[in-house]
Amino acid sequence: MSETRVMTTESSIPGKTKTHVPAHQNYFWLRSFIAGGVAGCCAKSTIAPLDRVKILLQAHNPHYNHLGVFSTLCAVPKKEGFLGLYKGNGAMMVRIFPYGAIQFTAFDRYRKILISKLGIAGHVHRLMAGSMAGITAVICTYPLDMIRARLAFQVKGEHKYTGIIDAFRVIYTQEGGFRGFYRGLTPTIIGMAPYAGISFFTFGTLKSIGLSHAPELLGKPSSDNPNVLVLKPHVNLVCGGTAGAIAQTVSYPLDVARRRMQLGSILTESEKYVTMCKTLRYVYKEHGIRKGLYRGLSLNYIRCIPSQAVAFTTYEIMRQILHLN
């Protein structure tokens with residue numbers, strides 16, 4: 001093993017001795033930020049076409065309202081070209097890097113605070129830290145999620161927005177200024193708390209159990225710190241996918257309400273999507289549970305499993321590459 005590099009820093013106080021700080025400990029927060037951002041981008045790029053179809057189905061786009069998940073996946077390229085599957089993805093990448101970066105960085109920070117400052121241990125700290133990290137990331141990046149949803153809902157030939165900047169301008173000038181960018185924030189926050197919390201909780205718990213009971217079968221030494229045991233990549237994928245599936249099942253109706261409220265001003269029955277409760281009641285009354293509150297859930301299972309699997313796996317790999325262990 002190569003010798004650890006150190007950076008020597010002289011103290012500015014006279015008479016103090018030199019201190020030695022490992023170089024890889026510098027800018028820890030920045031490296032953690034980058035690791036989370038890369039993980040988020042890789043995860044969302046993997047399932048971008050499925051995200052577009054989910055938005056079209058959730059909001060009952062009239063062009064695809066009569067179709068199912070797979071038939072919509074086939075119909076979009078025929079009507080809008082192959083790139084139609086990636087409509088709104090530019091806004092998604094602009095949003096998802098800071099979103100993933102803030103979420104993973106905040107999770108590590110909240111988890112340490114809960115353990116060291118508040119004495120909350122066991123598995124509860126993962127649930128609480130994950131919920132708080134998800135809410136923090138959502139609040140910071142919500143306007144970009146709004147723009148992405150608006151662009152993804154558009155169909156070729158019926159464009160209201162020409163791009164990201166134009167969407168920002170129109171929403172700001174026609175929908176109440178900055179308040180317009182936070183339409184649907186309430187169900188998003190309420191939905192994100194259980195989603196992010198359960199996701200981080202499930203992954204962390206599965207990881208802890210796996211490394212405790214079958215370290216040789218499921219784990220391996222971290223490349224940047226042989227004293228730290230990490231899951232093997234294929235095990236990471238399984239744990240991440242399982243975490244995503246469970247979290248989505250719990251929070252999906254709130255995700256439907258969020259999308260409806262985000263798209264409210266461009267839907268014909270926009271007055272029905274003023275508040276979260278009113279939106280949920282309307283969707284349930286008009287479409288029921290399976291075709292309303294859980295419409296598109298089968299697609300979400302297909303998209304969330306690889307998404308969360310790639311996100312957690314990429315983040316674990318980036319932690320090793322950037323010496324975060």
Side-chain angles (χ1 to χ4, degrees), residues 37-61 63-65 67-100 103 134 137-138 141-156 159 161 163-164 167 184 187-188 191-192 195-196 199 240-241 243-245 247-249 251-263 266-267 293-314:
V38 171
C41 287
C42 289
K44 284 298 182 181
S45 295
T46 303
I47 48 91
L50 297 175
D51 262 344
R52 172 88 201 283
V53 171
K54 185 190 78 166
I55 292 175
L56 293 172
L57 293 181
Q58 280 184 332
H60 290 80
N61 186 287
H63 293 276
Y64 305 103
N65 190 37
L67 302 176
V69 173
F70 294 105
S71 52
T72 303
L73 276 171
C74 296
V76 170
K78 291 180 181 179
K79 183 176 181 60
E80 305 178 55
F82 178 75
L83 292 180
L85 291 171
Y86 290 86
K87 183 171 290 185
N89 197 51
M92 173 60 77
M93 290 299 100
V94 172
R95 166 188 172 263
I96 205 60
F97 185 91
Y99 177 87
Q103 186 179 42
V138 162
T141 63
Y142 191 79
L144 291 170
D145 186 43
M146 166 75 79
I147 298 300
R148 193 265 166 167
R150 294 290 182 92
L151 294 177
F153 188 73
Q154 294 185 138
V155 176
K156 187 176 182 180
H159 288 77
Y161 314 107
I164 297 175
T188 302
M192 180 52 64
Y195 175 76
S199 183
Q248 279 292 332
T249 303
S251 63
Y252 191 76
L254 293 170
D255 187 44
V256 172
R258 171 174 66 104
R259 289 300 185 197
R260 290 271 181 160
M261 292 180 72
Q262 285 180 335
L263 300 169
I266 59 177
L267 295 176
L293 297 178
Y294 280 93
R295 179 174 172 83
L297 180 61
S298 59
L299 172 62
N300 239 34
Y301 281 138
I302 296 172
R303 61 179 285 279
C304 77
I305 291 176
S307 175
Q308 289 297 89
V310 170
F312 281 113
T313 302
T314 303

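Keep in mind that what you see is a predicted model, and the values were worked out from it rather than measured. Along the sequence shown, residues carry numbers from 1.
Taking 4.5 Å as the limit, some side-chain heavy atom of Val138 sits within range of a side-chain heavy atom of Tyr99. The shortest distance between side-chain heavy atoms of Ile96 and Thr141 does not fall below 4.5 Å. Residues Met192 and Ser251 are not in side-chain contact: their nearest non-hydrogen atoms beyond the backbone lie 4.5 Å or more apart. Looking at Pro49 and Val53, their side chains never come closer than 4.5 Å, going by heavy atoms from C-beta outward. Using a 4.5 Å heavy-atom threshold, the side chains of Ser307 and Thr46 count as separate.
When all heavy atoms are compared, the tightest approach of Phe312 to Ala243 is CE1-CB, 4.5 Å. Across Ala196 and Gly134, no two heavy atoms sit closer than the pair CB-CA, 3.8 Å. The shortest heavy-atom contact between Asp145 and Arg95 is CB-NE, 3.1 Å. Residue Val256 comes nearest to Leu293 through the heavy atom pair CG2-O, 3.3 Å, listed as atom of the first residue, atom of the second, then distance. Here the closest heavy-atom approach between residue Leu67 and residue Ala75 is recorded as CD1-CB, 3.6 Å. Scanning both residues, Glu80 and Tyr64, for their nearest heavy atoms gives OE2-OH, 2.6 Å.
Between the side chains of Arg52 and Tyr86, no donor-acceptor pair of N or O atoms lies under 3.5 Å. The closest side-chain donor-acceptor pair between Thr249 and Tyr301 falls under 3.5 angstrom.
Here the OH atom belonging to Tyr195 is positioned 13.5 Å from the CG atom belonging to Leu254, to the nearest 0.5 angstrom. Atom CD of Gln308 and atom CD1 of Ile47 lie 9.0 Å apart (nearest 0.5 Å). Between the CE atom in Met93 and the SG atom in Cys41 there is a gap of 5.0 Å [rounded to 0.5 Å]. In this structure, CD1 in Ile302 is found 10.0 Å from CG in Leu297, a value given to the nearest 0.5 Å. Note that the CG atom of Asp51 and the NZ atom of Lys87 stand 15.5 Å from one another [nearest 0.5 Å].
One N or O on the side chain of Thr72 and one on the backbone of Gly68 form a donor-acceptor pair closer than 3.5 Å.
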CA sep, side-chain torsions, deciding dist, call: Leu50, Leu85, side-chain contact (heavy atoms from CB on, under 4.5 Å): CA-CA 8 Å; Leu50 297 175; Leu85 291 171; over 6 Å; no
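For Arg295, there are no salt bridge (charged side-chain N to carboxylate O under 4.0 Å, His left out) partners at least two apart in sequence or on another chain.
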